[in-house]
Amino acid sequence: MGQYRDYSLVTDVIIDGIDMNGDSGYPTFETNAAFRVDSTRVAIVNVRAIAAGPIWLGSAKHVFIGNSNMYHGAATRSAVGYIEGWGIRNTGGPMTIVDSRLQGTRYHNLRPQSVGGSGELFYAARNTFVATAEGRTSWTWNNLGNGPWNGQGAVFENNSIYGYAAPGCPFGADLSVNHVTWSRVANNNFYGAGNVVFNQDYLNRQAAAGAGGSGSHDWSTGNTFQTFTQFPAWGGPGDPRQIPLPNGMTVVSGEGQCPSIG
């Protein structure tokens, strides 16, 4: 399957056991994204998805993603025709992601963005997040000054989080909670390489930035920190890079100043 697209009047969607490559008949920025989702009550399970650009763009509400593997920013900017390569960028909520893997070459594996609505809650558990080159793991409800809103809460627990950035690369790993009222980052295994150094001080400084320094932010329970030399093998439904990209595009793991180690 190429792209799945729906609209705000759609409800109660299940996508189960599908391989996707983001292809569509839409022009420019509308194509090369596997999901364009604005519906309510959406479940994505047992899916492999790869996209030359973003995996997911939308404002879906009540989203569940389980046992699914996704690879974003899979082609170069010049091949895609635009720079964006997010994993999941969604302005609705709540959203739950479990037992899955999100991997990409640029921007964020995750970017829920607060828009002042109700139920802006994010929960991620038992996942593997991999930023192979210049990516950040997550900007969690970071609205970039687009409004005064705060997402209600974000929880990351029992995940494996890999961050890598090459020397000279403009980005590094980040779990920004700048516009979230409360957060918990607990019992995760952090792996850093290249320019990325994970430690408790790094997490403490990020937690303190949550909601402008206010609110409740527990980032100090049970996390571990290691270096790595190779990304882990794909589990679950398997490696989405085995799915051919459309239009003869080639899968990359990084480009320019931000090559990947795996």
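Here the structure is a predicted model, which is why all the values come from computation and not from measurement.
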In terms of the angle between their ring planes, are [X] and [Y] parallel, tilted or perpendicular, with boundaries placed at 30° and 60°?
X: Tyr71; Y: Trp234; answer: tilted
X: Phe35; Y: Trp56; answer: tilted
X: Tyr202; Y: Phe198; answer: perpendicular

From [atom1] ([X]) to [atom2] ([Y]), nearest 0.5 Å:
X: Ile161; Y: Leu102; atom1: CD1; atom2: CG; answer: 11.0 Å
X: Arg41; Y: Asp12; atom1: CZ; atom2: CG; answer: 4.0 Å
X: Ser253; Y: Phe231; atom1: OG; atom2: CZ; answer: 8.5 Å
X: Arg126; Y: Asn159; atom1: CZ; atom2: CG; answer: 9.0 Å
X: Ile55; Y: Ile44; atom1: CD1; atom2: CD1; answer: 11.0 Å
X: Asn32; Y: Gln3; atom1: CG; atom2: CD; answer: 9.0 Å

Inset, instruction - Carefully, step by step, assess Arg184 and Asp218 under the rule salt bridge (charged side-chain N to carboxylate O under 4.0 Å, His left out). - result: CA-CA 5 Å; Arg184 183 170 74 247; Asp218 173 15; 5.6 Å; no
Inset, instruction - Might you work through the side chain to side chain donor-acceptor pair (under 3.5 Å) test for Ser100 and Ser68, ending with a clear yes or no? - result: CA-CA 5 Å; Ser100 296; Ser68 294; 4.7 Å; no
Taking all non-hydrogen atoms of both residues into account, name the closest pair between [X] and [Y] and its distance.
X: Ile18; Y: Met20; answer: CG2-CG, 3.7 Å
X: Glu120; Y: Asn150; answer: OE1-O, 4.0 Å
X: Phe190; Y: Val185; answer: CZ-CG1, 3.9 Å
X: Val155; Y: Trp182; answer: CG2-CZ3, 3.5 Å
X: Trp141; Y: Gly153; answer: NE1-O, 3.3 Å
X: Asn223; Y: Leu203; answer: ND2-CD1, 3.7 Å

Would you check if [X] and [Y] make a side-chain contact, meaning some heavy-atom pair closer than 4.5 Å?
X: Phe29; Y: Leu57; value: yes
X: Arg111; Y: Arg136; value: no
X: Val196; Y: Tyr162; value: no
X: Ile97; Y: Phe122; value: yes
X: Met95; Y: Leu110; value: no
X: Ile50; Y: Leu245; value: yes
X: Phe156; Y: Asn127; value: no
X: Trp149; Y: His179; value: no

Backbone N or O of [Y] within a donor-acceptor pair of the [X] side chain at under 3.5 Å?
X: Asn69; Y: Asp239; result: no
X: Gln103; Y: Gly87; result: no
X: Asn199; Y: Asp201; result: yes

Between [Y] and [X], is there a side-chain donor-acceptor contact under 3.5 Å, judged purely by atom types and distance?
X: Ser59; Y: Asp38; value: yes
X: Asn46; Y: Asp16; value: yes
X: Asp99; Y: Asn67; value: no

Legend entry - side-chain contact (heavy atoms from CB on, under 4.5 Å) between Tyr123 and Val98, intermediate numbers included: CA-CA 8 Å; Tyr123 180 78; Val98 296; 4.3 Å; yes
Legend entry - The single option from Thr224, Val130, Asn188, Thr128 passing side chain to side chain contact (heavy atoms under 4.5 Å, CB included) against Ser160: Thr128
Linking I/L/V/M/F/W/Y whenever their side-chain heavy atoms sit closer than 4.5 Å, directly or via other members, would [X] and [Y] fall into one cluster?
X: Val252; Y: Ile243; result: no
X: Val197; Y: Leu175; result: no
X: Phe225; Y: Phe129; result: yes

Inset, instruction - Assess Arg5 against Tyr26: is NZ or CZ under 6.0 Å from the centre of the six-membered ring, and within 45 degrees of the ring's axis? - result: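 Flagged: Arg5 positioned over aromatic ring of Tyr26.
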Inset, instruction - Determine, step by step, whether Glu255 and Arg106 satisfy the side-chain contact (heavy atoms from CB on, under 4.5 Å) criterion, reporting the C-alpha distance in whole Å, the side-chain angles of both residues, the deciding distance to 0.1 Å, and the verdict. - result: CA-CA 9 Å; Glu255 60 180 314; Arg106 56 184 181 269; 3.6 Å; yes
Inset, instruction - Step by step, work out the side-chain contact (heavy atoms from CB on, under 4.5 Å) result for Asn109 and His72. - result: CA-CA 8 Å; Asn109 296 148; His72 58 93; 2.9 Å; yes
Legend entry - Stepwise side-chain contact (heavy atoms from CB on, under 4.5 Å) test for Glu84 and Arg89: CA-CA 11 Å; Glu84 288 82 1; Arg89 181 176 180 177; 5.7 Å; no
Inset, instruction - Given side chain to side chain donor-acceptor pair (under 3.5 Å), test His108 with Ser138 step by step and report yes or no. - result: CA-CA 5 Å; His108 317 90; Ser138 179; over 6 Å; no
